[in-house]
Colleague: 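For reference, the structure I am asking about is given below.
Note on naming: letters A, B, ... go to the chains in the order of the sequence lines (proteins, then strands), and numbering restarts at 1 for each one.
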Number of protein chains: 2
Amino acid sequence: MIQELTINKKINKINKKELILSEAAKLFKEKGFGGTSMRDLAEKVGMEAASMYNHIKSKDEILELICFKIANQYISQLQEIENTNQTFQEKLNAIIGLHVQLIIEDSASVSVANNDWKYLSEEKKNQYKQIRKSYEKSFANIIEKGMENGEFKTMNVSVALFTMLSSLRWIELWYKPSREITPQELENDLKTLLMNGLNS
Amino acid sequence: MIQELTINKKINKINKKELILSEAAKLFKEKGFGGTSMRDLAEKVGMEAASMYNHIKSKDEILELICFKIANQYISQLQEIENTNQTFQEKLNAIIGLHVQLIIEDSASVSVANNDWKYLSEEKKNQYKQIRKSYEKSFANIIEKGMENGEFKTMNVSVALFTMLSSLRWIELWYKPSREITPQELENDLKTLLMNGLNS
DNA sequence: CCTACCGATCGGTAGG
DNA sequence: CCTACCGATCGGTAGG
């Protein structure tokens, strides 16, 4: 009985922490990290600001947890794509699919990771930038190899890389399930546009 | 003599205001509107926080001036492009050039307009959103006409629009005069990539 | 999980 | 343009 109660409490605590994190992601996306107070957040969660400190260490910790959860998802999924035997075109298509998928799964957290990482503590910010850099390097490597290979046009690799990355970032700001376009159509149009251009 | 002194004072005041606005744009870009205090800004400008209120009305006014200055530049230049007799391909190329140019001219202010407009007062925010919407509508119209025309591939217009807009936005985060690419090369690669795609 | 409260910092004003 | 200062709000803690 006592054991059961302890377990329930633990589950409850985990759920409350998850609730805090998901409400925080939504608020940070809407109002920014600096524009969101712990009192704003407490109201959404349904408790007093002081009470949240039983579940989380600090406002900074919330930001860290959101940013690194997303960063790790991108990194691990990109590694899987890298390790396949696909052509570079196919790999790039898979990366486009990955971005669309992660955004549709949790657009608020992706938004926070993309926009509010700069409010991380100096130490965590450096860690985050390093992870992001390694992601960009792997991505750039696929583009570069595809250019050497003749699969892609030869141009400045950074321009190609960041054009693709940014094209995959606006989705998070724009996509809502209510749009009259399915995730699949979105993905297809993006692939067409980026790989073959707008000109007919 | 008295007249001359008054004029000099006025010029001085305008310059100080310009200085405040340009330093503010740099700080807002770096640390965000909420992350920048009037005391941070005062230090950069070289006076006490209280003294800045002789030149500006409020922190909010600084944000407004920056955002609407940029918005108006985009709007007026887009109108010029619309009123030419170019093909839709040429118009789109001109828009790409416009974005590159404005970013290179004043990347800090463009960055603030793009990222911190959400901290405008409710009234100004609505105004800003309306201007932006009208910009997007004109832009979308060019894309749509080009599709009907057969110049462009047929696809979801919003996807094409926002992919282009976002591709033109990362430049502000990335471009520094120190990059080993000229603005002209940047512009050319962007045009190639967006209009003809990465595939060779 | 709450009440009560802390020190710090914020944007901004008064008065000179 | 500065000193001195205001009320409000912030993230967070103590104690229960």
Side-chain angles (χ1 to χ4, degrees), chain A residues 5-21 23-25 27-28 30-67 112 116 118-125, chain B residues 5-21 23-25 27-28 30-67 112 116 118-125:
Chain A
L5 264 174
T6 318
I7 290 171
N8 275 338
K9 247 189 209 162
K10 247 187 198 162
I11 289 174
N12 216 314
K13 208 171 168 184
I14 290 172
N15 285 341
K16 273 280 153 60
K17 187 166 184 175
E18 288 301 321
L19 178 65
I20 291 171
L21 290 177
E23 291 299 327
L27 277 175
F28 292 171
E30 190 189 323
K31 311 207 280 178
F33 179 72
T36 303
S37 73
M38 292 302 273
R39 284 153 181 87
D40 289 339
L41 178 54
E43 200 186 338
K44 293 279 181 188
V45 173
M47 55 175 81
E48 291 300 315
S51 305
M52 288 191 297
Y53 289 86
N54 288 299
H55 301 97
I56 49 105
K57 287 198 199 93
S58 65
K59 192 186 180 189
D60 286 331
E61 194 209 28
I62 296 175
L63 183 61
E64 285 167 24
L65 289 171
I66 294 171
C67 289
V112 172
D116 291 331
K118 57 184 161 182
Y119 304 114
L120 288 168
S121 68
E122 210 58 38
E123 191 203 336
K124 294 289 172 182
K125 185 163 60 179
Chain B
L5 264 174
T6 318
I7 291 173
N8 276 337
K9 249 190 210 163
K10 248 187 198 163
I11 289 175
N12 216 315
K13 209 171 169 185
I14 291 172
N15 285 341
K16 274 280 153 61
K17 188 167 183 175
E18 288 300 321
L19 179 64
I20 290 171
L21 290 177
E23 291 299 327
L27 278 176
F28 292 171
E30 189 187 325
K31 313 207 279 178
F33 179 72
T36 303
S37 73
M38 293 301 275
R39 284 153 180 89
D40 289 340
L41 177 55
E43 200 187 336
K44 293 278 180 188
V45 173
M47 55 175 79
E48 292 300 315
S51 305
M52 288 192 297
Y53 289 87
N54 289 298
H55 301 97
I56 50 105
K57 287 198 200 94
S58 64
K59 192 186 179 189
D60 286 332
E61 194 207 28
I62 296 176
L63 183 61
E64 285 167 24
L65 289 170
I66 294 171
C67 289
V112 172
D116 290 331
K118 58 185 162 184
Y119 304 114
L120 288 167
S121 68
E122 210 58 37
E123 192 202 336
K124 294 289 174 181
K125 186 164 61 180

Colleague: 5'-most contact on DNA chain C: A:Ala49 or B:Tyr53, nearest heavy atom basis?
Modeller: A:Ala49
Colleague: Tell me the interatomic distance from A:Met52, atom CE, to C:dC1, atom C1', rounded to whole angstroms.
Modeller: 12 Å
Colleague: In whole angstrom, give the distance that lies between atom NZ of B:Lys59 and atom P of C:dT13.
Modeller: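 It works out to 15 Å between those atoms.
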Colleague: Rounded to whole angstrom units, what separation is found between the CG atom of A:Asn54 and the P atom of C:dC2?
Modeller: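 After rounding, the gap between these two atoms is 10 Å.
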Colleague: Write down the partner of C:dA8 under the Watson-Crick or G-U wobble criteria, each distance required to be under 3.5 Å.
Modeller: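 Pairing partner, where one exists within any strand: D:dT9.
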Colleague: Can you tell if the side chain of B:Phe33 reaches within under 4.5 Å of the side chain of B:Asp60, non-hydrogen atoms only?
Modeller: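 A side-chain contact under 4.5 Å exists here.
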Colleague: Hey, are the side chains of B:Ile62 and B:Leu41 touching, using non-hydrogen atoms and a 4.5 Å cut-off?
Modeller: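 Yes, at least one pair of side-chain atoms sits under 4.5 Å.
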Colleague: Can you check the A:Glu61 CD to D:dG11 P distance for me, whole Å?
Modeller: 15 Å
Colleague: Counting only side-chain nitrogens and oxygens, does B:Lys16 get under 4.0 Å of the OP1 or OP2 atom of D:dC1?
Modeller: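 Yes, within the criterion.
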Colleague: Of the options C:dC1, D:dG12, D:dT13, whose atoms approach the side-chain atoms of A:Ala50 most closely?
Modeller: D:dT13
Colleague: For A:Leu65, enumerate each residue passing the side chain to side chain contact (heavy atoms under 4.5 Å, CB included) test, keeping only those at least two apart in sequence or located in another chain.
Modeller: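 Result, side chain to side chain contact (heavy atoms under 4.5 Å, CB included) vs A:Leu65: A:Lys17, A:Leu21, A:Glu61.
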Colleague: Could you check which residues of residues 33-48 of chain B get a heavy atom under 4.0 Å from DNA chain D? Sort them by number, please.
Modeller: B:Met47, B:Glu48
Colleague: With a cut-off of 6.0 Å (strictly less than), are more than 12 heavy atoms of other residues, nucleotides or ligands near NZ of B:Lys44?
Modeller: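 No.
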Colleague: Over how many whole Å does the gap from A:Leu19 atom CG to C:dC1 atom P extend?
Modeller: 10 Å
Colleague: According to the Watson-Crick and G-U wobble definitions, with both distances under 3.5 Å, which nucleotide is paired to D:dT3?
Modeller: C:dA14
Colleague: Could you tell me the separation between the CD1 atom of B:Ile20 and the P atom of C:dG12, rounded to a whole number of Å?
Modeller: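 Interatomic distance, CD1 of B:Ile20 to P of C:dG12: 13 Å.
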Colleague: What integer distance in Å separates B:His55:NE2 from C:dG11:P?
Modeller: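 Whole-Å distance recorded here is 18 Å.
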Colleague: Sort out for me which residue in B:His55, B:Met38, B:Glu23 forms a side chain to side chain contact (heavy atoms under 4.5 Å, CB included) with B:Val45.
Modeller: B:Glu23
